[in-house]
Amino acid sequence: MCRRCRAVQLTDEVPREKMFHDEYPFRTSSSAWMSSHFAKVAAQLVDTLRSPDPFVVEIGCNDGTMLETFAERGIRHLGIDPAANLVAEAGARGVLARPGFFEPATAAEIRAEHGPAEVVYAANTMCHIPYLDEIFAGLDALLGDDGILVFEDPYLGDVLRLGSYDQLYDEHFYLFSATSVACIAESHGFALIDVEHIGVHGGELRYTVGRRDRRRPTPAVDRWIAGEASEGVHDLARLASFAAEIGERRDRLRRALQDERAAGRSIAGYAATAKSATVLNYCGIGPDLLPVIYDTTPEKQGRLTPGSGIPVEPFPTGPDGYPDTFLLFAWNHAEEIMAKEQEFVARGGRWIRYVPDVLVG
Ligand code: TYD
């Protein structure tokens, strides 16, 4: 945790080209719920637009799921994403998008071509970017005088509350909070002007940031910052007890898997999420404890999980091919998955979860 701004962050930085490239496997549209979430976000953003011919930019636009609403409504927009494979898919949806990383030079180029942006939006992207100085320099170049940056990312407070340690992985460089984002924004000539809690991905905050002194902050900003102080979200003792608790949970998860196997039940992982890499490696779970993980993403199928070497395969076509027990890695999509997998449960299928605690049944 940075002693000045309080952002919780990784100490090792993986070169961005190794993580974000034209074989990037995560697709926003792989979750029906996330697609409907982003349709709602887009509708909300449309409501905030003030100018007669607004221009909206999305950093990390992925396959264009969010910007599609803008394209359909004929609103000027541009997505930017280093995953050229997904930028092509965004184009196929009618979304204007370009491959690349968002940098000051790119931002200036975009402004020269399209004019100032009224809204820059980023979902699950800002926390992936260690070099925030350059991002803010780019925003300074691109945003109009009253333009805003709206971004949503996993929330430190929720990670501590749920013990969702699997939110910590190479791509998630930062775990933000209202306190840290306010400080980061201020040190770049901007200000945090609104905060909203959203339920997706295990609990996120959506931050709205504008140029300093251009827009009045809502009361939610002070309320969230005061709440974080009173809950001790940035206290070192709280972070230490989080570490101790997940250490115990690691042992319980290993035991749960061993017990299932000892009882003769077959086990498979449900979804090869990025988060699962943390769980598998931290808990020392390999193919001996978990022989396979199923995932709907074609790019992940036929590969092995990093470090732990578990094969990733498409889901069996009928419930007959299903295991007795699933270890649920995509716990942030639990509602969507439970609605889909009612037959598995009706046939006596069991779930192992590890957030907010190890639960079997
Ligand atoms: P996500 O929840 O975004 O987690 P992370 O950021 O940790 O990767 O990833 C979702 C993954 O889960 C993606 O690989 C697709 C997969 N998935 C399924 O296989 N089936 C499903 O029903 C859902 C909702 C997701």
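Indexing begins at 1, ligand by ligand and atom by atom, following the structure's order.
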Name the atoms and distances for all side-chain donor-acceptor pairs under 3.5 Å in residues 351-361, with sequence neighbours left out.
from, atom 1, to, atom 2, distance (Å)
Y354, OH, D166, OD2, 2.8
D357, OD1, R252, NH2, 2.7

Q: Evaluate the salt bridge (charged side-chain N to carboxylate O under 4.0 Å, His left out) criterion for residues D251 and R254: first the C-alpha distance (whole Å), next the side-chain angles of each, then the deciding distance (0.1 Å), finally the verdict.
A: CA-CA 5 Å; D251 301 338; R254 283 187 57 85; over 6 Å; no

(Q) Within the structure, is a non-hydrogen atom of M34 found at a distance of less than 4.0 Å from ligand 1? (A) no

Q) Counting each atom of ligand 1 from 1 as listed, which ones have a heavy atom of K300 under 4.0 Å away? A) 13 (C), 14 (O)

Q. Which one holds for H333 and ligand 1: side chain close, backbone close, both close, or neither close, with close meaning a heavy atom under 4.0 Å?
A. side chain

Q: Run the ring-centre check on F20 versus H128 and record whether the distance is less than 6.0 Å.
A: yes

Q: Name the orientation class of the two ring planes belonging to Y294 and F326 (parallel below 30°, tilted from 30 to 60°, perpendicular beyond 60°).
A: perpendicular

(Q) Show me which atoms of ligand 1 lie under 4.0 Å from any heavy atom of T297. (A) 13 (C), 14 (O), 15 (C)

(Q) Between C61 and M66, is there a side-chain heavy-atom distance shorter than 4.5 Å? (A) no

Q: Under 4.0 Å from a heavy atom of S30: give me the atoms of ligand 1 that qualify, with their elements.
A: 15 (C)

**Q.** Shortest protein contact, atom 19 (O) of ligand 1 (heavy atom only)
**A.** T296 N, 3.1 Å

Q) What atoms of ligand 1 come closer than 4.0 angstrom to any heavy atom of I337? A) 22 (O)

Q: Consider ligand 1: state whether an atom of it lies below 4.0 angstrom from any non-hydrogen atom of F315.
A: yes

Q: Give the residue, atom name and distance (to 0.1 Å) of the protein heavy atom nearest atom 12 (O) of ligand 1.
A: A271 CB, 3.3 Å

Q.
Can you confirm, on distance only, whether ligand 1 has an N/O atom lying under 3.5 Å from any N/O atom belonging to Y169?
A. yes

Q) What atoms of ligand 1 come within less than 4.0 Å of a heavy atom belonging to H201? A) 3 (O)

Q. Between I148 and L143, what is the shortest heavy-atom contact and its length?
A. O-CD2, 3.5 Å

**Q.** Where ligand 1 meets K275 - atom numbers and elements under 4.0 angstrom, heavy-atom basis
**A.** 1 (P), 2 (O), 4 (O), 5 (P), 7 (O)

Q) Please state which protein non-hydrogen atom is closest to atom 3 (O) of ligand 1 and give its distance, to 0.1 Å? A) F26 CE1, 3.0 Å

Q: Please check if any side-chain donor atom of E341 sits under 3.5 Å from a side-chain acceptor atom of Y322, or the reverse.
A: yes

Q: Report the nearest protein non-hydrogen atom to atom 8 (O) of ligand 1: residue, atom name, distance rounded to 0.1 Å.
A: A274 N, 2.7 Å

Q: Specify side chain, backbone, both or neither for R27, according to which of its non-hydrogen atoms lie closer than 4.0 Å to ligand 1.
A: neither

Q | Ring centroid separation W224 to Y155 under 6.0 Å | A | yes

**Q.** Within reach of ligand 1, part of W33 (heavy-atom separation under 4.0 Å)
**A.** neither

Q: Measure the CZ-NZ distance between F329 and K275 for me, rounded to the nearest 0.5 Å.
A: 11.0 Å

Q: Would you mind checking which non-hydrogen protein atom is closest to atom 21 (C) of ligand 1, with the distance to 0.1 Å?
A: K340 NZ, 3.5 Å

(Q) Tell me if the centroids of the rings in Y165 and F242 come within less than 6.0 Å of each other. (A) no

**Q.** Mode of N332 contact toward ligand 1 - side chain, backbone, both, neither (heavy atoms, under 4.0 Å)
**A.** side chain

Q.
Under 6.0 Å from the ring centre and within 45 degrees of the ring axis: does the NZ or CZ of R76 meet both conditions for the six-membered ring of F70?
A. no

Q. Does Y121 have its ring centroid less than 6.0 Å away from the ring centroid of F151?
A. no

Q: Report the part of D295 (side chain from C-beta onward, or backbone N, CA, C, O) that has a heavy atom under 4.0 Å from ligand 1; answer both or neither where that applies.
A: both

